[in-house]
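Take a look at the structure below.
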Amino acid sequence: MPELPEVETIKQDLRKKIINKKIVEIEVLNKKTIHGNKQAFLRILKGNKIKSIERVGKLIIFELKDGNNFLFVHLKMTGQLVYKKGKKVVAGGHSEEWGKKPQIINELASFDKYARVIITFEDNAKLYFNDMRVFGYMKTGDKTARVEIIKGFGVEPFTKGFTLNNFANIFKNRKTSLKAILLNQKLIAGIGNIYADEICFRAGVRPDKKASNLSKQDLNKLYEAIKYIFKKAIENRGTTFNNYVDSDGNKGGFTKYLKVYGRGGEACKKCKKILKKIRLVGRGTVFCSYCQR
DNA sequence: CCTTGTGTTCTCCG
DNA sequence: CCGGAGAACACAAG
């Protein structure tokens, strides 16, 4: 489940790999992956170049060199963007792979059968959009579309707008649970089910606590926890629980730091009591009823 | 049955 | 009856 740290990792890596490379071919292996007009999608991308890459919440936005269009990519639950270097044509006509690590080839082999779109660049490098469950999408749009899409996202952690005051205001006059607010992309961009639980644990607050019942101290702890957890997760290149891999096909390193996600019924790492697992906002939710109040 | 991100649809409340 | 909030559902495959 790629959330902010995973998507941020992919963005940073792809910036080093595909900027200013001409797109020479696009293979759409599953047309459901392309949202909007497929012909327009192909026409806009073919022959174009990627000028820059940004991330908004869990969405990756590729700015195209033509000066007006953008490629939007959402990985949803099982999407991957995996980059493979091109083949170097050597004397005699045969080719050899550049710089592939054998253990990565094996790791990726199981996901390549879920390739939905393959973009080929002028140097024969390929960007695979793999997506087992076909929830993710790719679509193109212009500047207006980009502005409209970004409008739909709430405050982005690590931006100037993410102040304690702004954060606390989100909770005012809301009747829903803390976790519902953390997961709502229109309010705060980038938090998914894994990090929501980790943030609540670090802050020492129950995820099912009602927004109106959160104290000033709760809000301060949650605010700091978001920044801390996301910073740590990005430094460790994200979390792999089921099938997240970065653009090299490697797993994230934050998985070993998870304190609650996926640990229902196990001992709390802080107090050793058994972690509770409940269903909240339709999502599996793990917390410690002793450490979180 | 379970897993989850998000768009859509339904329901409730004032 | 309207608007908004929040809850519930739909989707997909293993």
Side-chain angles (χ1 to χ4, degrees), chain A residues 1-8 10-11 29-36 55-61 72-81 109-117 129-139 141 145 148-154 156-157 169-200 207-214 230 233 238-245 252 254-255 258 260-266 275-287:
Chain A
M1 292 71 72
E3 304 179 29
L4 186 150
E6 291 75 35
V7 179
E8 178 67 19
I10 291 169
K11 179 200 81 179
L29 305 173
N30 186 315
K31 62 181 178 184
K32 288 186 99 173
T33 297
I34 310 303
H35 286 198
R55 177 195 57 73
V56 182
K58 304 165 193 173
L59 184 72
I60 309 182
I61 305 178
F72 306 94
V73 180
H74 204 301
L75 303 173
K76 288 284 180 87
M77 291 166 60
T78 59
Q80 305 175 332
L81 281 176
S110 62
F111 293 111
D112 275 356
K113 64 180 171 184
Y114 301 116
R116 308 304 183 189
V117 178
F129 182 87
N130 300 334
D131 187 15
M132 185 177 76
R133 296 184 199 179
V134 202
F135 268 29
Y137 63 82
M138 287 184 148
K139 66 179 179 185
E148 284 305 307
I149 288 168
I150 291 176
K151 269 188 197 168
F153 287 93
E156 177 77 34
N169 280 338
I170 292 169
F171 293 82
K172 285 205 177 116
N173 303 321
R174 292 201 176 267
K175 293 178 166 53
T176 190
S177 65
L178 164 59
K179 180 151 175 176
I181 290 173
L182 292 179
L183 291 176
N184 188 337
Q185 303 302 298
K186 296 180 183 69
L187 301 176
I188 305 160
I191 303 174
N193 203 37
I194 296 174
Y195 293 104
D197 281 6
E198 295 300 313
I199 287 162
C200 289
D208 57 351
K209 196 164 179 177
K210 294 284 165 264
S212 53
N213 291 340
L214 292 166
F230 273 170
T239 301
T240 297
F241 205 82
N242 288 323
N243 49 25
Y244 164 74
V245 291
F254 192 71
T255 318
L258 294 177
V260 285
Y261 182 84
R263 299 193 66 248
E266 296 178 35
L275 293 172
K276 282 205 157 48
K277 176 154 188 187
I278 61 169
R279 183 150 288 264
L280 184 61
V281 210
R283 297 291 170 254
T285 300
V286 182
F287 67 99

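Computed from heavy atoms alone, side chains included, the values below leave out hydrogens, waters and symmetry copies. Just so we're on the same page: letters track the sequence lines, and every chain starts at 1.
- Contact between the side-chain N/O atoms of K58(A) and the OP1/OP2 oxygens of dT6(B) is found at a separation under 4.0 Å.
- Residue M132(A) has its side chain nearest to dA13(C) when only dG5(B), dA13(C), dA7(C) are considered.
- Atom CG in L183(A) sits roughly 18 Å away from atom P in dA5(C) (whole-Å rounding).
- N243(A) places its CG atom 12 Å from the P atom of dG5(B), with the value rounded to the nearest Å.
- Between dC11(C), dG14(C), dT6(B), one nucleotide has an atom nearer to the side chain of R283(A) than all others, and that is dT6(B).
- Rounded to whole angstrom, the span from the NE2 atom of H74(A) across to the P atom of dT6(B) amounts to 3 Å.
- Remark: T78(A) is not in phosphate contact with dA13(C), judged by side-chain N or O atoms under 4.0 Å from OP1 or OP2.
- Nucleotide dC11(C) holds its P atom 13 Å from the NZ atom of K76(A), rounded to whole Å.
- Among the heavy atoms of the strands lying under 4.0 Å from Y261(A) are primed sugar atoms or P, OP1, OP2 only; no base atom is included.
- Atom CG in N173(A) sits about 15 Å away from atom C1' in dG6(C), given to the nearest Å.
- The separation between K186(A) atom NZ and dG5(B) atom C1' is 11 Å, rounded to whole Å.
- Annotation: K276(A), atom NZ; neighbour count of heavy atoms from other residues, nucleotides and ligands within 6.0 Å does not exceed 12.
- dG14(C) atom P lies 17 Å from atom CE of M1(A), rounded to whole Å.
- In the model, Y195(A) has a side-chain atom that pairs as donor or acceptor with a side-chain atom of E6(A) under 3.5 Å.
- Taking every side-chain heavy atom of T176(A) into account, dG6(C) is the closest of dG5(B), dT6(B), dG6(C).
- The side-chain heavy atoms of D197(A) and K179(A), taken from C-beta on, include a pair separated by under 4.5 Å.
- OP1 or OP2 of dA12(C) has at least one side-chain nitrogen or oxygen of K32(A) nearer than 4.0 Å.
- Both N242(A) and L59(A) sit near DNA chain B, but only N242(A) has its closest nucleotide nearer the 5' end.
- Using cut-offs of 30° and 60° on the angle between ring planes, the pair H35(A) and Y137(A) is parallel.
- A close approach under 4.0 Å does not occur between any side-chain nitrogen or oxygen of Y114(A) and OP1 or OP2 of dA13(C).
- For L280(A) and dA8(C), the CG to C1' distance is 14 Å, given to the nearest whole Å.
- Residue K210(A) is the one, among K210(A) and F135(A), whose nearest nucleotide of DNA chain C lies closer to the 5' end (criterion: closest heavy atom).
- In this structure, R174(A) reaches the dG6(C) phosphate: one of its side-chain N or O atoms is under 4.0 Å from OP1 or OP2.
- Counted within 6.0 Å of NZ on K210(A), heavy atoms from surrounding residues, nucleotides or ligands total more than 12; the atom is thus considered enclosed.
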